[in-house]
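To keep things clear, I will list the structure first and then write my remarks on it.
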Amino acid sequence: RAPNGDEIELVFMVITKRIQQRFLLHEGGQRYLNPTPGTVIDSHVTSPDLGLFDFFLVPQCSIQATATPTHYIGLEKKSSLSVDKLQQIAYKLSFAYFNWLDRIRRPA
């Protein structure tokens, strides 16, 4: 508890950028595109059976190669925030780097 009596909310996450997963959007025929910035993948390739929540976030665009997502693994969630809200916060934090005006791959 906080000194004023409020309940403290905690979210503890591990962020991994060195991963092997790549995601592409199928546009039809033989055409595949990189996902748009802000794309979240939170089903089919994640591990909810471990009792944790995890998701992949593509925070930036890639012009020359395949976009590399960042893997977020929630180890502890004692908060009233939904997982969707945590995903939004993770994306917004990718803009909060002190000496860079564009998105970064993982929050500082």
What residues, two or more places apart in sequence or in another chain, satisfy side-chain hydrogen bond (donor to acceptor under 3.5 Å, both in side chains) together with Thr16?
none
How far apart are the C-alpha atoms of Asn34 and Leu25, what are their side-chain angles, what is the distance that settles it, and do they pass the side chain to side chain contact (heavy atoms under 4.5 Å, CB included) test?
CA-CA 6 Å; Asn34 280 319; Leu25 296 173; over 6 Å; no
On a heavy-atom basis, which atom in Glu9 and which in Ser79 lie closest, and how many Å separate them?
OE1-OG, 3.2 Å
Would you name the heavy atoms of Pro37 and Pro59 that are closest together and state the gap between them?
CB-O, 3.8 Å
Who passes side chain to side chain contact (heavy atoms under 4.5 Å, CB included) against Ser82, sequence neighbours left out?
Asp84, Lys85
Gap separating the [atom1] atom of [X] from the [atom2] atom of [Y], nearest 0.5 angstrom:
{"X": "Gln88", "Y": "Leu57", "atom1": "CD", "atom2": "CG", "answer": "11.0 Å"}
{"X": "His26", "Y": "Arg31", "atom1": "NE2", "atom2": "CZ", "answer": "11.0 Å"}
{"X": "Thr39", "Y": "Phe55", "atom1": "OG1", "atom2": "CZ", "answer": "13.0 Å"}
{"X": "Ile73", "Y": "Met13", "atom1": "CD1", "atom2": "CE", "answer": "8.5 Å"}

A side-chain contact here means heavy atoms from C-beta on lying under 4.5 Å apart; do Asp54 and His71 qualify?
yes
So, applying side chain to side chain contact (heavy atoms under 4.5 Å, CB included) with Leu86, which one of Tyr91, Tyr72, Phe53 is it?
Phe53
Start with the C-alpha gap between Ile89 and Val11, add the side-chain angles, then the distance that decides, and say whether side chain to side chain contact (heavy atoms under 4.5 Å, CB included) holds.
CA-CA 12 Å; Ile89 291 170; Val11 177; over 6 Å; no
Under 4.5 Å between side-chain heavy atoms, counting indirect links through other Ile/Leu/Val/Met/Phe/Trp/Tyr residues: same cluster for Val83 and Ile15 or not?
yes
